[in-house]
Protein chains: 2
Amino acid sequence: MLTPERHRKIIERLGEKQVVTIQELVEATSSSESTIRRDLSQLQKEKKLKRVHGGASLLHQKSEELSIVEKSARNSLEKERIANFAAMIVNDGDCIYIDAGTTTHLMIPHLKDKAVTVVTNGISHLEALTEHQITTYLVGGLVKPKTKALVGSGALNSLSSYRFDKCFLGINGIHLEAGFTTPDPEEASVKRMALSLSQEAFILADHSKFNEASFSKVADLHEAVILTNEMDEDAAYDFEDKTEIRVVTP
Amino acid sequence: MLTPERHRKIIERLGEKQVVTIQELVEATSSSESTIRRDLSQLQKEKKLKRVHGGASLLHQKSEELSIVEKSARNSLEKERIANFAAMIVNDGDCIYIDAGTTTHLMIPHLKDKAVTVVTNGISHLEALTEHQITTYLVGGLVKPKTKALVGSGALNSLSSYRFDKCFLGINGIHLEAGFTTPDPEEASVKRMALSLSQEAFILADHSKFNEASFSKVADLHEAVILTNEMDEDAAYDFEDKTEIRVVTP
DNA sequence: TTGAATTTGAATGTTTTTGATTGAAAAATG
DNA sequence: CATTTTTCAATCAAAAACATTCAAATTCAA
């Protein structure tokens with residue numbers, strides 16, 4: 001019996017019974033104890049199982065992983081407030097663009113009862129959007145595996161055939177000289193395009209984003225309205241005549 | 001026995017059994033051990049299988065956990081066979097289109113070790129694709145909540161900027177006069193467009209699809225190759241000169 | 001038909017896998 | 001706690017599978 005076939009049988013048995021003895025496997029595969037031992041060692045190295053005295057057992061069942069959305073939103077009531085605030089700006093019948101990202105994701109449940117049409121480049125938003133029966137268009141493009149965002153020329157192309165009443169963008173840095181910035185140039189292009197297609201543009205940003213700048217510029221400060229939830233006096237004064245800032249009132 | 005015929009037999013056996021021994025193949029093809037070894041080496045280079053000591057195994061040994069989608073289609077071993085067969089047609093470096101749908105979804109794990117670029121309109125495919133580190137482009141368009149497929153003019157537009165070596169489509173009906181048909185006109189348009197952008201087009205269809213017709217025509221029979229796993233004599237005869245049919249198991 | 005190119009199968013020596021054996025380590029038993 | 005039994009890792013020789021080479025057979029093109 002060939003090695004992969006034995007390995008497959010071992011894993012299979014484990015799947016059914018949670019634990020197997022070496023003796024059992026010796027019979028099932030009609031090979032020697034030594035061979036089975038070697039198999040188990042190898043499979044253990046591949047993280048397919050755990051060896052135990054006399055046999056092998058399943059690895060500790062994978063702990064249910066929270067979605068990125070739930071994870072990051074959990075410790076940030078702040079973001080939830082901003083998202084809710086942003087959703088209130090949306091009118092019945094609006095066609096809006098929602099950027100990929102965690103903060104913008106939180107807007108979705110609040111759009112429930114508005115007859116909006118949403119365009120997005122965030123794949124992670126889809127489940128929530130369809131669940132709330134929101135008419136959704138996805139832009140095309142290259143899938144960025146890490147952030148599940150759509151980027152690249154395909155996305156820009158796709159976007160160019162839409163026009164928005166409003167767009168809602170996440171951002172990494174808001175800086176007096178640098179403007180709105182984000183680390184990935186590909187994502188920046190998409191944001192920039194969405195912004196240029198919108199009548200009104202909104203940036204969702206918690207206080208940590210102010211006076212920060214990262215690699216790629218999305219737009220100048222005056223091109224979008226900032227939605228935030230906290231703002232110290234001095235900072236507000238600096239930004240005052242450069243851009244419009246709307247602060248969530250608690 | 002000619003080389004391509006041997007190769008076909010080897011792939012075929014693998015599709016059935018996950019793993020084959022060299023001895024087995026020597027008998028089945030009545031050629032020498034050396035020849036079979038050479039065949040296996042070549043097929044391995046083409047990423048059609050993996051050599052193991054004593055024989056060969058499928059690239060994707062399915063000891064790993066099945067996703068929900070894969071699970072739900074599991075009772076249909078038939079579909080799995082067809083999907084595996086389809087995946088073997090894909091060469092290293094190909095740019096392919098994978099249609100939304102459950103049968104086509106099952107192809108994904110088998111593409112694991114080929115350097116393919118995938119374009120798809122199936123949102124449900126994304127997780128599996130990114131998990132297997134496959135470069136993926138999503139077409140844009142309206143999200144069909146039920147099937148999680150992307151359709152509409154956005155999808156057609158998006159698609160039009162790509163060209164494919166091969167495309168793999170699911171279908172609802174294969175009929176002598178009606179050709180390839182599917183219930184939703186929107187999805188039919190997308191399939192048609194993908195087909196027209198491909199050098200070669202493949203339809204994945206189990207036997208239940210033959211001699212059925214539904215509402216929207218995708219293409220004429222001669223425009224694509226049918227991959228199926230079962231074919232009764234009479235039916236095969238009818239279709240013979242209208243289209244090419246490749247059957248998984250004889 | 002001839003000659004070159006390819007494919008094939010046998011022969012070679014090498015590498016990998018295998019199962020038995022060993023004494024050490026770990027569990028089970030009294 | 002000591003003893004017995006089981007399981008373990010390490011070692012080794014035999015067997016199986018391997019890559020490589022080469023000559024014969026086949027295919028292809030001129």
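Lettering follows sequence order; numbering is per chain, from 1.
- C:dG9 atom P lies 11 Å from atom CE of B:Met1, rounded to whole Å.
- Nearest-nucleotide positions on DNA chain D place A:Ser34 closer to the 5' end than the other of A:Ser34 and B:Ser41.
- Toward the 5' end of DNA chain C, the nearer of the two residues A:Arg6 and B:Glu33, judged by each one's closest nucleotide, is B:Glu33.
- Residue B:Asp94 is tested with B:Lys114, B:Gln199, B:Lys166 for a side chain to side chain donor-acceptor pair (under 3.5 Å); the sole match is B:Lys166.
- A donor atom on one side chain and an acceptor atom on the other are not found under 3.5 Å apart for B:Thr182 and B:Lys217.
- Close to C:dG19, at under 4.0 Å from its OP1 or OP2, lies a side-chain N or O of A:Thr35.
- Using a 4.0 Å heavy-atom criterion, one finds that B:Val52 contacts the sugar-phosphate atoms exclusively.
- When the C1' atom of D:dA9 is taken as reference, atom CG of A:Leu40 falls 13 Å away, rounded to whole Å.
- Spacing between atom NE2 of A:His53 and atom C1' of C:dA27 amounts to 6 Å, rounded to whole angstrom units.
- Nucleotide C:dT17 holds its P atom 16 Å from the CD atom of A:Glu5, rounded to whole Å.
- Residue A:Glu24 contributes atom CD, which lies 16 Å from atom C1' of D:dT7 at whole-angstrom precision.
- Counting to the nearest Å, the P atom of C:dG19 and the CG atom of A:Leu25 are 14 Å from each other.
- Atom CD of B:Glu127 is surrounded by 12 or fewer heavy atoms from other residues, nucleotides or ligands within 6.0 Å.
- Taking every side-chain heavy atom of B:Ile22 into account, D:dC18 is the closest of C:dT21, C:dG9, D:dC18.
- The separation between B:Arg37 atom CZ and C:dT14 atom C1' is 13 Å, rounded to whole Å.
- Within 4.0 Å (heavy atoms only), A:Ser31 reaches sugar-phosphate atoms of the nucleic acid but no base atom.
- Remark: the B:Arg38 side chain and the C:dG9 base include a donor-acceptor N/O pair separated by less than 3.5 Å.
- Taking the side chain as every heavy atom from C-beta outward, B:Glu244 and B:Ile226 never approach each other to under 4.5 Å.
- At a threshold of 4.0 Å, the pair B:Asp206-B:Lys79 does not count as salt-bridged, since none of the basic side-chain nitrogens sits closer than that to a carboxylate oxygen.
- The side chain of A:Arg51 lies closest to D:dC8, out of D:dC8, C:dG19, D:dC18.
- When rounded to the nearest whole Å, the span between CD of A:Gln23 and C1' of C:dA27 equals 16 Å.
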